[in-house]
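Following: one structure in structure tokens, then a few remarks.
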Amino acid sequence: MKKLLFLLIVVLFSQGLQAQEEEERRVTGQVVDENGEGIPGAGISVKGTALGTVTDVDGNFGLDVPDNYTVLTVQAISYASQDVTIPPGNSVTVRLAPSARELQGAVVTALAIRREKREIGYSATTVNSDEINNANVVNPLSSLQGKVSGANITSSTGGPGGSTRIVLRGEKSITGNNNALIVVDGVPINNSNRLVGPARRLTSQGFLDPSSLEQIDFGNRGNDINPEDIESITVLKGPAAAALYGSQAANGAIMITTKRGVGRPGAEKTEITYATNYTISSVLRYPEFQDKFGQGDVHGIPNDRRENFSWGLPFDGQMRPWGQIVDGRQLVKPYENQPDNVRSFFRNGKAWENSLSLAGGNAESSSFYIGLNSLNSTQITPGTFYDKYGIRFNGSTQLSNKFYSSINVNYISINSKVEAQGQGDNSVWSNLLQTPRDIPVWELERFNDDPFYGYGHKDTAGVARYGYYGAYTLNPYWVAENFENRSKSDRVLGNVVVGYKPNDLFNIFNRVGGDIVSDRFTATSLKYEYLPFEEGFYPVQQGQGGYTEQTSNSINFYNDLIANYDKALNDDLTLHVLLGNNIQYSRSTVLSGVIDPASNGLIIPGFYSLTNAQGPVNATNTRIENFLVGLYGSLRLDYKRQLFLEGTARNDWSSTLVRNNSLDNISFFYPSVNASWVFTETLKDLTAGNIISYGKLRAGYASVGNAAQPYYNNDPGFSSAVSSTGFGVVRFPFNTVPGFSYGNTSADPDLKPERTNSWEVGAELELLRNRVSLEVSYYTQKSIDQIVPLPAAPSTGYSFYITNVGEVSNKGIELSLRATPISTSTGFRWDIFGTFTKNQNRVESLIGGVDQVAIGGHSGLSIVASVGKPYGQFYGTDFERDPQGRVVVDTATGLPRVAANPAYLGSYQPDFLASWGTTLKYKGFTFNVLFNTRQGGKFYSATKRNMDFVGVAAETAENDRQPYIYPNSVIDQGDGSYAQNTSVLMDPYDYYTGLLQNVESPHVIDASYVKLRETSLYYTFPEKFFERTPIGSGSIGIYANNLFIWTSKENVYVDPEVNTGGASNEQGYDFVARPSLRNYGISLRITF
Amino acid sequence: MKPNLKILVTFLGVMLISAGGCRRALDINQNPNIATAAPPELLLPSAQVQIASAVGVDMQIYGSYWAQYWTQSPAASQYRNIERYSPSASDFDNVWLLLYSGALKDLQQMQLQANNLGRPHYAGIGKLLTAYTFQLITDVWGDVPFTEALRGSPSEGLILSPKYDAQSVIYDHLLRMVDTGISLMTRNDPKSPGSDDLIYHGDANTWIAFGNSLKLKMLMRMSYVDPGRVTSEISGLAGPFLEEGEDALISFSATAGNRNPLSAEIQALNYVTNIVASKTSIDSLLANQDPRIDIFYEPSDAGQIGLEQGNYNATPGIPLSLPGAVTGANTNLNTVTEIIAGRSAAVKLLTSYETYFLRAEAAARNFIAGNAQDLFESGIRANFSTYGLSDSLADAYIANSYWGQYPSGGSVEEQVRHIITQKWFSMNGTQGVEAWTELRRTGYPDFLPFSVTSLIGANRPQRFFYPSVELTRNQNFPGQKGITEPVWWDVKQ
């Protein structure tokens, strides 16, 4: 990575050379290693200028040097840099010595300790700031997509504020968190999901039901960090890598390192960088609509003007009245398809990002980095926006008395308004999809001006009425304006390090980190009651109105006290000892008041105050606290810089295992060990001149413990009673009588910590003189003693029983490849890059007799962890099938028969993930493209289900809606045999509007995709361009991310990455999720 | 090396002290968001409201559709599967949850505390309501967990898969449970319940009458399957029984959150009209010139019109009667008074008129002494009076209508036919599940057609499906039963 960055800089800077008019001379030469072999890709620069070039495959170079410069600086990865004076003949051979001290390809490991990549016995991938910001992906976690093998990353919206889920090496926890730990500058940060909505109810499946209720996804907290502040991200994929983080490390870690003032080229002066970009967003994927039939219900009123059904008559192009009769007038339009009736609703999203940074100081004493940034955006749904402002200060200083200190502080303020998902009244997307194919949606925007489109217009008698055409839906423009979901967050996070380093061998430091978030969330739901203009035909439309206000505060405190000691035992063997103490404390409090439109309501419409409620406001406060103390240590042996062995051990004491004031058994211990062998170093004589220039083999084992969630081992307890029916509720106090109800969750009071045991082996190779690098890992992991709220039969008196159960295994292979097929002395360079990830996940066991645990979904379709199957299995209602899997149809109706029991319909686990990227550089131009793909796996689309129901999906128009034989169906012969159905026709109307409302299996479809994830073209101006300005350098570029998608044939609906479950375990769940975005824009970056 | 060693020792010391000092800080795992204890007076109303939510919503809807008081409106689709006689297992999850892990668990906890605190009336009411609830459960599902139920935590024995007990065994237990409940109510309790008892405000005598009436209901349920048992049990059952004005019901109010649970359900569904009057009921009420029709139904603009049972494919927009305010199921009430009446409609668990009809049946079958006709007519008068209809209206109805005239000279079967059909009239829209249950037991009323959209042909549902929460989670679940399979006491051909 470093090499690439370096080369990039060199190449960009070198191209200005060609235009030199002043006196100069051609210097040629070769850069060789200690054995006399040419070093390809070494950087040559003219000291004191920005001029330079790189060596070709054989280490040769040629460079035009202005006459008044005489010194060249030569740099290459793994070698000490060297200054050489140009000899009189203008020809030079530079022999570089391998660097001993310099960290070669340094990676940031657990606890933010920088280590040389060769030393570590596990997989760690580093992505640097250029790669992160190439396509200006606004969410830093999403910017890793396609760049890291072993990572399964899903970005639900692709726009600002959306959720990003990163799962490294497969899901390990059945109902717990599976997201990778996010660590910023050594301190784990809050990466909580912000999926909010009205109180979700417990359902049969034992989880909280999102169906029919609105859900609002404000994204997850890990995305709050400004991408411009990031220097690099190292992904520690396995538990072995992250073992020192203890409990949280089982899921691997994303180590984000922010920029600092030192270590930059030209660190002497303060560098000021201004970057700006302007991004336009639009919907990436619209569903495919049918274009033959319009509003109506052929089995009801064929031209019913009230319908959300497009099950009317075939289009005939004739003028036809539509909508209500308003004061004796009625709208008329041709009865024909409106191809743009959904897409016209969305406008382009626009985002403008600005960032200004100052970096200064020097490595010997003090340095600082200040970053200021803003993101202002309006989103595709009218009225929605996402604004973010951030300030970062990173400073470090080396004090004279062997003490040193650093401070990182980041303040982030986010203000956003987001559309609801799901199929509630407040869901814009749901209302829009139900618009019949012939309704011109764009006209509905005039709901304030025109009684035919809106609500509350007065009739001739002065009565407020609605004239909107639809009886069963709401005007989406009006919904967008009147149902608001807002969040405003303020967040401060950072850390302070104070250290003492009396000599080269000893180092002791304390790092205290904090992450404080305050958030205010409000959701409004309009109170309305409108009589129709056409009474008796149109129904009354009403909503009781509601308001939710929720204030949450959270604090995460994290302290590490670490001592390092290095000792050379002899010339060949060095010992490194690390001891540490860790204290973690987190507390979150939520205060919320809900006026629920379903069970309560507003008194005065439009007045959003908790005092404006028809009944008692549902007010709740919760406090959750968690404390953990850990002691850890690591011992490393380094033999001749070619063989490395490391062992770590950690013991934790967790408050979440405390029960009944007894502090026994709350401690748990876990070790890890890893080794790495740089065999090219050992076998130098054998490999010299070979195609392998660098090779390393590695292996690691780790066992990581994980404590319970707070209060998991508590007795059920009592809380104020709420009696819920299918949709409604009765609350206490009941009139004036208070009532409490016993809890529904019983627990094993003696919960043990969860444990993940993992093995990994891998190899890292540099081939063909570093032209090709290859990294491969194989791993196997078993997660046991999982702490799971097991759904209990309600006849036990409980809905859940929390206990240690089950085992989940993951094994897989991950591969990444990087190659430079062409690199010429003229500065043309072509790089290619690819990753491949295959993970096999299996739920090995649960508790005796329990087959599965639900992790999401709704009543007809749950997402489960089921024994013997990959995690995230869709389990839902299905058709009856013969032994060959063909659908059995009813002999009378021709409709598929419904199977008695739900079926397993596939899991959201992909078969494999892969990516392919390339970079072309020439002169000042850099062109970059990155594709990624996910193959296999399923997702559930309620978007499809709803489109089928209302008859707008393309498939509903098959055979012009004349009865047809259900494809490849069979008839039950009654004697256990089945015969191909060749005669019994089914009515697609009955199939789509009736049967498919009870059978979910056709809505679980292939989630495969190929995406053009990123592409960009940048031009870096020649130095000369800015000669008479204070500007030092500048570049301009165009970029795009999430630009195109190709999906499997059966998915003509949505981007399979959309998800209403945010970054939770509920994945592959499009419960009428908001569409994902295609983003493209222009950027400018200048440095002073 | 020495300074380094010193630092190291200091460092280790600091670490150990910090680890030790954290012991107290670690002791923060008691959930502050829930209460660790709640006295019986907080648990009783919770259990009562949960029973009312089950009886008043899902059981009311299934019962009132299958007893043909109501039918699915063509304008919406929420309950079409009920009319098709093809609900799914998961449709019954919520009501099962409400009763088992809701009401029964709270009643169990209440009795536990009542026994510890020496509060016999809470214990007695706990027994009576537990028996009531289990009868409700077993009558619609048949064999269910009983002896091993409600023991799902480690301190209770951790039975995660309670076995299913035969319905006959459960009935045996329930009869004894009612006896125990009644005897507890006869004991003196210095701190008996007050307003926290939403049904009888702690009145022990009415609870005793409730217990007797409940036992009578249980025994009559066994009248076909085990008449010998009824005879032996009923001899000790002298009353008192529930009399007019002593209905076991829970009153709701118009206050949001405290509304009739069916009215709340309809509000949550945005007042979409799903429930309309069934032609079966409307026509039979009209045929008998029954004045209760305007109580049970809100007439359409074109008068009292019912929709053919299950014919939700009829053209929308035709005028249809809607359920009356007393049911809490009306969606389109025109005045504030009516809206308030609908939202405050009571949920009825066991009524005086139901008890009169039970006694009439027991007398007609000669299980007890007494004049069946008098009891039958008392039942009608009590029902009229509940809805503010005068005795003279009741008398006119008794005198003139087919179903009001008791066939005192007829066979026992004819008498029972009249009693049960009259009970069916009296429970319209308020005791749907009991009306459907009595229909299953006796076959009366005998004029109910099959839903036109029935997917099981000329059959009717004889039970609820076991819920998916049970069949997927209970290892001892014995297997799903067909919807037409009768329960134990349902033996009449």
Side-chain angles (χ1 to χ4, degrees), chain A residues 204 300 502 506 508 537 542-544 561 563 581 598-601 614-616 622-623 625 627 629 631 653 655-656 658 661 663 710-711 714 717-719 721 723 725-731 734-735 737-744 746 748 791-799 801 849 859, chain B residues 3-4 7 11 15 18-19 22-23 25-29 31-36 38 42-43 45-46 49-50 53 57 90 93-94 96-97 100-101 105-106 109 145 149-150 152-154 160 162 195-196 253 255-258 261 264-265 267-271 317 467-470 473-475:
Chain A
S204 52
F506 203 86
I508 177 167
F537 186 57
Q542 56 183 331
Q544 291 297 307
L561 174 61
N581 163 253
S599 64
N600 198 340
Q614 294 175 17
T622 55
R623 184 173 93 237
E625 276 182 299
F627 197 97
V629 182
L631 286 177
W653 291 262
S655 70
T656 63
V658 173
N661 304 320
L663 294 173
Y711 318 135
N714 280 202
F718 300 87
S719 42
S723 178
T725 53
F727 299 90
V729 294
V730 178
R731 283 179 203 290
F734 186 71
N735 298 317
V737 178
F740 272 65
S741 186
Y742 196 56
N744 282 331
S746 80
D748 180 353
S795 57
T796 61
Y798 302 93
S799 301
Y801 173 58
S859 63
Chain B
N4 284 346
I7 296 166
F11 175 77
M15 288 207 321
S18 85
C22 288
R23 285 183 72 83
L26 282 163
D27 194 5
I28 52 169
N29 203 38
N31 189 345
N33 307 306
I34 53 167
T36 51
L42 290 178
L43 295 167
S46 164
V49 164
Q50 290 179 91
S53 291
V57 183
S90 58
D93 286 341
N94 201 64
W96 180 278
L97 264 160
Y100 268 109
S101 57
K105 195 70 199 172
D106 283 349
Q109 288 294 314
L150 309 173
S153 87
L160 289 175
S195 60
D196 53 306
S253 78
T255 308
N258 294 166
E265 181 86 355
Q267 175 185 342
L269 291 168
N270 264 346
Y271 293 102
S468 69
V469 274
E470 226 17 63
R473 301 180 190 177
N474 188 336
Q475 304 309 311

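Chain A is the first sequence line, chain B the second, and so forth, proteins listed ahead of strands; every chain is numbered from 1.
For the set A/Gly739, A/Ala721, A/Ser719, A/Pro710, the entry with the most heavy-atom pairs within less than 4.5 Å of chain B is A/Gly739. Ranked by heavy-atom pairs under 4.5 Å with chain A, the list B/Thr255, B/Asn270, B/Asp196, B/Thr36 is led by B/Asn270. In terms of heavy-atom pairs under 4.5 angstrom with chain A, the leader among B/Ala149, B/Ser195, B/Ser53 is B/Ser53. In terms of non-hydrogen atom pairs under 4.5 Å with chain A, the most contact-rich of B/Gly257, B/Ser253, B/Pro261 is B/Gly257.
A/Phe718 is linked by a ring-ring contact (aromatic ring centres under 6.0 Å, His included) to A/Tyr742, counting only residues two or more places apart in sequence or in another chain. Residues satisfying the side chain to side chain donor-acceptor pair (under 3.5 Å) test with B/Ser46, not counting sequence neighbours, are B/Gln50, B/Asp106.
Judged purely by distance below 3.5 Å, without hydrogens or angles, the side chains of A/Ser746 and B/Ser153 never pair a donor atom with an acceptor atom. When only modelled atom types and interatomic distance are considered, B/Glu470 and A/Ser795 share a side-chain donor-acceptor pair under 3.5 Å. For the 3.5 Å distance criterion, the side chains of B/Asn33 and A/Thr622 fail to qualify, holding no donor opposite an acceptor.
Here A/Gln542 contributes atom CD and B/Gln267 contributes atom CD; the two are 9.0 Å apart, rounded to the nearest 0.5 Å. To the nearest 0.5 Å, the span separating CD1 on B/Ile28 from OG on A/Ser655 amounts to 4.0 Å. If you take CZ on A/Arg731 and CG on B/Asn258, they are separated by 10.0 Å, rounding to the nearest 0.5 Å. We find the CG-CH2 distance between B/Leu26 and A/Trp653 to be 9.5 Å, quoted to the nearest 0.5 Å. From B/Ile34, atom CD1 reaches atom OH of A/Tyr711 across 10.0 Å, with rounding to the nearest 0.5 Å.
Residues B/Trp96 and A/Pro794 are in side-chain contact: their nearest non-hydrogen atoms beyond the backbone lie under 4.5 Å apart. The shortest side-chain heavy-atom distance between A/Thr796 and B/Pro162 falls under the 4.5 Å cut-off.
With a 4.5 Å cut-off on non-hydrogen atoms, B/Val57 touches chain A through its side chain but not through its backbone.
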| field | Trace of the side chain to side chain contact (heavy atoms under 4.5 Å, CB included) decision for B/Tyr271 with A/Gln544 | value | CA-CA 10 Å; B/Tyr271 293 102; A/Gln544 291 297 307; 3.6 Å; yes
| request: Could you walk me through whether B/Ser101 and A/Tyr798 pass side chain to side chain contact (heavy atoms under 4.5 Å, CB included), step by step? | output: CA-CA 5 Å; B/Ser101 57; A/Tyr798 302 93; 5.7 Å; no
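Smallest separation of non-hydrogen atoms from B/Leu43 and A/Ser741: CD2-CA, 4.3 Å. Closest approach of B/Leu97 and A/Ser799 over heavy atoms only: CD2-OG, 3.3 Å. Of all heavy-atom pairs between B/Asn31 and A/Asn714, the closest is N-OD1, 2.8 Å. B/Gly152 and A/Tyr801 get closest at one heavy-atom pair: O-CD1, 4.2 Å.
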